[in-house]
Amino acid sequence: MAETREERARHWRYEELPGVDLLRARYIRKSFVRHTHEHFVIAAIADGVEVFHHGSGDQYAGAGALALVNPDTPHTGRAGVPEGWQYGAVYPSPDVVAAIAAETTTLRGTPGFVTPVLDDPYTVRLVHQVLRATDEGNALAADTLLRVAVTRLLRLNGGTLPRREVRTAGARTAARARAVLEERMAAPPTLEQLAAGLGTSPFALLRAFRDTYGMPPHTWLTDARVRRARRLLDAGTTPSEAAATVGFTDQPHLNRHFSRIVGVPPGAYQRERKNVQDARGDLSVASGVWQWNGQQSTSTRTYRPTENTPRPRASGAEGSRTAPWYGTPSASGSPSDSPGSPSA
C-alpha cells in the first residue's frame with residue numbers, strides 16, 4: 001500500500017470509448033450506500049480489500065481480484081482492511097457488452113456475470129492498462145484492451161441474464177409504484193399516499209418493492225435521483241440546478257448522496273465530463289504500478305479469505321450457464337504486448 005493515507009478518486013470518460021465510464025480511486029473510510037448502476041461494473045483491485053454486500057451476503061475482493069456487478073444490481077462498498085483499497089474500474093454499457101459478447105462468445109440472450117468476485121490477476125492488469133491507455137491518449141490500445149478484458153471475463157464468468165418478467169401482483173404493484181416515483185421525483189408522495197393511490201397497504205407495498213428491486217422505495221428514489229442528476233450534469237446543468245430538478249433540498253444534499261453513490265462530488269464529476277480530452281490526472285497508473293504523488297506501490301500482498309468465505313473458480317465453459325438476475329433480492333504485459341485475440 002502506498003505510504004500516503006489520502007483518499008483520492010477520479011471519475012471520467014474518454015471520448016474514444018463511447019458508452020464507457022472510467023474510475024481510479026483509493027478509499028480508506030469511504031462507504032458506498034446501497035445503490036445500482038445502469039452500466040456493468042468491472043472493478044480491478046490493485047491493493048487492499050473491498051467488501052461489498054451483494055445478493056444475500058458480503059463479497060470480498062482483494063488484490064488480483066475483480067468485483068463484477070451486473071446493471072441494476074443493488075450493492076454497497078466499503079474497506080475490508082484498515083488501510084482501505086485501491087482499484088481501477090471500467091463501466092461499459094449493456095450495449096457495449098452485448099456487442100462484444102455477440103462477436104467473441106457463444107452466449108445468447110442478454111450477457112452478464114455469473115459470480116460477483118473473480119480471482120484473475122491477468123484481467124486485473126488488462127483493466128489498469130485500459131486506464132493507462134486513456135491517460136496516454138492511445139485510443140487504439142484502450143479500445144483493444146477493453147474488448148480483450150470484457151471477452152475474457154465473459155468466457156471465464158459469463159452467462160445469460162434471465163428475462164425480468166413482472167408476473168406476481170406484488171411485482172406489478174411495485175412496478176407501478178416505481179413509475180409514480182419516477183414521474184414525481186422532485187415531489188414524491190409519502191409511503192402511505194403512494195400505497196393508497198395503488199390500492200394497497202404501506203407495508204404490503206414496502207415488501208413488494210423490496211422483493212422486486214432489492215431496496216425500499218426511499219432508497220431506490222435516492223439512487224434514481226442521483227442517476228438523473230448524472231445525466232443532467234453530463235448535459236451541462238449546474239450542480240445546484242440539478243439538485244433542485246431531481247428533488248434534493250440543496251446542492252450540499254446532492255453532494256452528500258452523489259459522493260456516497262458515485263464516489264466523487266458532482267462538481268469534480270462534471271469537470272471531467274467537460275474535458276474528456278484531458279486524460280492525464282493526479283492518479284496516473286502504469287502497468288502494475290500505482291503512482292501517488294510520485295510515490296509508487298508495487299505491493300504483492302494477496303488477500304486470502306477465511307475458510308468460511310466462498311470464492312469462485314474460473315471456468316472456461318461459455319454459453320452453458322445462466323447468470324443470476326442481480327437486479328433482485330499473475331500475469332504481466334503492457335498495451336503493446338497484450339494478446340491480439342482474447343484468451344480464456
Side-chain angles (χ1 to χ4, degrees), residues 1-12 21-37 41-54 57-69 73-91 116-121 123-132 135 226 255-269 272 281-306 308-311 330:
M1 181 72 68
E3 288 82 354
T4 179
R5 293 184 63 80
E6 180 182 356
E7 291 191 333
R8 295 189 175 192
R10 181 187 177 210
H11 197 296
W12 79 102
D21 283 354
L22 308 165
L23 175 71
R24 190 180 288 136
R26 177 173 187 256
Y27 296 125
I28 302 170
R29 297 167 299 278
K30 169 72 72 177
S31 179
F32 290 90
V33 298
R34 184 173 291 273
H35 64 285
T36 64
H37 295 277
V41 178
I42 301 175
I45 311 301
D47 201 2
V49 180
E50 179 188 13
V51 182
F52 59 106
H53 192 84
H54 180 289
D58 285 343
Q59 305 292 331
Y60 295 78
L66 299 111
L68 304 170
V69 183
T73 304
H75 62 286
T76 63
R78 68 182 191 276
V81 291
E83 57 267 36
W85 80 104
Q86 292 181 170
Y87 68 111
V90 294
Y91 301 83
V117 176
L118 182 70
D119 289 303
D120 185 17
T123 306
V124 167
R125 181 66 60 87
L126 286 174
V127 171
H128 290 301
Q129 289 172 348
V130 172
L131 301 180
R132 181 189 180 189
D135 287 341
V226 170
N255 291 355
R256 182 166 65 256
H257 289 291
F258 198 96
S259 296
R260 295 175 68 191
I261 288 177
V262 181
V264 297
Y269 173 91
E272 292 288 354
D282 291 337
L283 301 182
S284 60
V285 61
S287 297
V289 180
W290 282 81
Q291 299 178 336
W292 303 93
N293 290 334
Q295 297 175 330
Q296 296 183 349
S297 171
T298 56
S299 171
T300 58
R301 178 173 62 245
T302 300
Y303 167 71
R304 298 187 183 280
T306 65
N308 295 323
T309 304
R311 300 298 293 273
S330 228

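Just so we're clear, the structure is a prediction, and the values are computed from it rather than from any experiment.
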Distance (rounded to the nearest 0.5 Å) between [X] [atom1] and [Y] [atom2]:
X	Y	atom1	atom2	result
H35	T73	NE2	OG1	10.5 Å
H128	Y87	NE2	OH	11.0 Å
D21	W12	CG	CH2	10.5 Å
Q129	T123	CD	OG1	10.5 Å
E7	Q86	CD	CD	11.0 Å
L131	R24	CG	CZ	5.0 Å

pair [X]-[Y]: side-chain heavy atoms closer than 4.5 Å:
X	Y	value
W85	D47	no
L66	V127	yes
P116	V69	no

Distance-minimising heavy-atom pair for [X] and [Y]:
X	Y	result
E50	G77	OE2-CA, 4.0 Å
T36	P74	CG2-N, 3.6 Å
A79	I28	CB-O, 3.5 Å
A9	V264	CB-CG1, 3.6 Å
G80	V51	CA-CG2, 3.4 Å

- Within the 6.0 Å centroid threshold, strictly below: F52 and Y60: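 For F52 and Y60, the ring centres are not under 6.0 Å apart.
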
- Mind checking whether H53 and H75 have ring centres under 6.0 Å apart?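 Centroid separation for H53 and H75: 6.0 Å or greater.
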
- Message: Pair V117, L68 - check side-chain contact (heavy atoms from CB on, under 4.5 Å), show working.
- Response: CA-CA 6 Å; V117 176; L68 304 170; over 6 Å; no

- Take R125 and D120 through the side-chain contact (heavy atoms from CB on, under 4.5 Å) test and state the conclusion after the steps. CA-CA 9 Å; R125 181 66 60 87; D120 185 17; over 6 Å; no

- Message: Looking at R10 and E272, is any side-chain nitrogen of the basic one under 4.0 Å from a carboxylate oxygen of the acidic one?
- Response: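 Answer for the salt bridge query: yes.
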
- Task: Decide, yes or no, whether a salt bridge links R78 with D58 under the criterion of side-chain N to carboxylate O below 4.0 Å.
- Result: yes

- Not counting sequence neighbours, which residues clear ring pair (Phe, Tyr, Trp, His ring centres under 6.0 Å) with F258? List them please. Y269

- Message: Would L22 and Y91 count as a side-chain contact (heavy atoms from CB on, under 4.5 Å) here? Give the steps.
- Response: CA-CA 6 Å; L22 308 165; Y91 301 83; over 6 Å; no

- Task: Report the C-alpha distance between I261 and V33 in whole Å, list the side-chain angles of each, state the deciding distance to 0.1 Å, and finish with yes or no for side-chain contact (heavy atoms from CB on, under 4.5 Å).
- Result: CA-CA 6 Å; I261 288 177; V33 298; 3.7 Å; yes

- Query: Can any side-chain N or O of K30 pair as donor or acceptor with the backbone N or O of S259 at less than 3.5 Å?
  - Reply: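 Yes; at least one donor-acceptor contact below 3.5 Å.
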
- Heavy-atom donor-acceptor pair, Y27 side chain to G263 backbone, under 3.5 Å: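 Here the side-chain-to-backbone pair exists.
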
